[in-house]
Amino acid sequence: PKAARLLDHMSLFAQIEALACIDAASEVGAVSPDLLAGRVRAFANLSQLTRSPWTSTHKVFGARSLLAAERLIRTAAPANESWARAHRAYALALIGLHSAALAELSTIEESSDGPESGGRKPPHWVALLEHYCNCDLDGMTAFADQNKSSQLALFLHMLALEPSFSYVPLKTTAERVLEANPQCFRAWRVYCDVAYREEVAAITEGGSRLLFEAIESLPDRADFPSDLKADWSTLLAGADSSGLWVAPGLADAGQAAAGL
């Protein structure tokens with residue numbers, strides 16, 4: 001349940017925490033379809049949340065999402081095939097393969113499995129994916145209005161507008177995304193791209209400050225490496241406002257935990 005709630009928060013830290021919850025549950029028992037579905041969504045979300053012209057990290061997350069989706073489809077019960085395919089459509093849509101996602105959604109519509117045959121019905125966000133892949137802005141707006149807590153609807157609306165560089169609509173949508181989740185740093189970048197010149201400095205500073213505060217609070221997490229906790233304040237004291245200097249320490253801790 002915690003991972004499911006985190007998957008709905010469109011921020012880098014929420015998705016990483018969701019994956020940590022899923023991995024912890026996987027260590028206890030067999031990897032269930034729900035855990036695989038969570039991985040599909042978390043990695044797909046990360047593929048967009050980390051998208052940048054300066055790094056190819058988002059491609060790695062996208063590939064991992066697709067791999068998890070394939071495994072989910074191969075292991076799903078026949079009555080749950082449409083539910084599993086919905087998650088592959090999610091992965092395809094988020095990484096930018098909209099035609100393939102629409103083809104997957106079409107297969108789901110034509111399928112005879114689901115609740116009628118004792119299986120699971122496709123998730124509620126399937127309709128949103130169709131609006132997004134067709135660039136149906138009105139449909140996404142209606143979905144967001146009907147699902148007030150859906151950060152995904154606002155996020156996809158922003159992504160659909162981003163290539164157009166329609167300044168006022170894109171700026172307004174980015175503001176709505178940030179109002180729903182101030183830690184959506186992907187929205188901060190979009191907001192900065194379309195902001196007026198006199199606003200850029202304040203936006204850049206605001207986004208960097210929130211990022212640093214999020215990094216500063218990482219030791220509060222239960223799964224934070226204990227050997228790194230003691231040195232955290234020292235690392236932060238030498239970090240710049242982006243907090244990027246702490247990355248090597250986290251990477252070393254992660255490798256040690258994995259036995260690398």
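Just so it is clear, the model here is predicted, and its values are computed rather than measured. Count residues from 1 along the sequence.
- Considering every non-hydrogen atom in both S150 and F143, the closest pair reads OG-CE2, 3.9 Å.
- Nearest heavy-atom pair across S11 and N181 is CB-ND2, 3.6 Å.
- Both F61 and I16 are members of a single hydrophobic cluster when ILVMFWY side chains are connected at heavy-atom separations under 4.5 Å.
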### Message
What verdict does the side chain to side chain contact (heavy atoms under 4.5 Å, CB included) test give for C184 and F155, after you've listed the backbone C-alpha separation in whole Å, the side-chain angles of each residue and the deciding distance to 0.1 Å?
### Response
CA-CA 9 Å; C184 183; F155 186 73; 3.8 Å; yes
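- H157 is listed as a side-chain neighbour of L137, based on a closest heavy-atom distance under 4.5 Å.
- Sorted by first and then second residue, the salt bridge (charged side-chain N to carboxylate O under 4.0 Å, His left out) pairs involving residues 32-47 (not counting sequence neighbours) are D8-R41, D23-R39, D34-R120.
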### Message
Determine whether L19 and F43 satisfy the following criterion, side chain to side chain contact (heavy atoms under 4.5 Å, CB included), listing intermediate values before the conclusion.
### Response
CA-CA 8 Å; L19 282 171; F43 282 124; 3.7 Å; yes
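- Here the CG atom belonging to L7 is positioned 11.0 Å from the CD atom belonging to E17, to the nearest 0.5 angstrom.
- For CZ of R85, the number of neighbouring non-hydrogen atoms (other residues, nucleotides, ligands) closer than 6.0 Å is greater than 12.
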### Query
Could you walk me through whether Q48 and H58 pass the side chain to side chain contact (heavy atoms under 4.5 Å, CB included) check?
CA-CA 7 Å; Q48 273 297 341; H58 63 281; over 6 Å; no
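- Residues L94 and L156 are in side-chain contact: their nearest non-hydrogen atoms beyond the backbone lie under 4.5 Å apart.
- Checked for salt-bridge contact, R51 and E162 miss the test: no charged N lies under 4.0 Å from a carboxylate O.
- Of the N and O atoms on the side chains of N45 and Y90, at least one donor lies less than 3.5 Å from an acceptor on the other residue.
- For the residue pair A153 and M140, the shortest heavy atom distance occurs at CB-O, 4.4 Å.
- At a threshold of 4.5 Å between non-hydrogen side-chain atoms, the residues C21 and L6 count as touching.
- Looking at H87 and P123, their side chains come closer than 4.5 Å, going by heavy atoms from C-beta outward.
- Here CG of L36 is found 11.0 Å from CD1 of I73. Values are rounded to the nearest 0.5 Å.
- Surrounding CD of E213 are more than 12 heavy atoms belonging to other residues, nucleotides or ligands, all under 6.0 Å away.
- Here the shortest heavy-atom pairing between L154 and V177 reads O-CG2, 3.5 Å.
- The shortest side-chain heavy-atom distance between E81 and I108 does not fall under the 4.5 Å cut-off.
- Rounding to the nearest 0.5 Å places SG of C135 at 12.5 Å from NE2 of H131.
- Side-chain contact between K171 and Y191 is present, with at least one heavy-atom pair separated by less than 4.5 Å.
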### Query
Would Q183 and W188 satisfy side chain to side chain contact (heavy atoms under 4.5 Å, CB included), going step by step from the backbone distance to the final call?
CA-CA 8 Å; Q183 286 194 358; W188 277 105; over 6 Å; no
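- In this structure, F13 and F185 have perpendicular ring planes: the angle between them is above 60°, well past the 30° mark.
- Between L92 and L66, some side-chain heavy-atom pair lies under the 4.5 Å cut-off.
- In plain terms, the two heavy atoms of A91 and V40 that are nearest each other are CB-CG1, 4.0 Å.
- For the pair V190 and A174, the tightest heavy-atom approach, listed with the atom from each and the gap, is CG1-CB, 4.3 Å.
- Follow the hydrophobic side-chain contacts under 4.5 Å out from L12 and you never reach I22; the two are in separate clusters.
- When hydrophobic clusters are built by joining Ile, Leu, Val, Met, Phe, Trp and Tyr residues whose side-chain heavy atoms come closer than 4.5 Å, directly or via intermediates, L46 is not grouped with L35.
- Within the 4.5 Å cutoff, the side chain of R88 has no heavy atoms near those of the L72 side chain.
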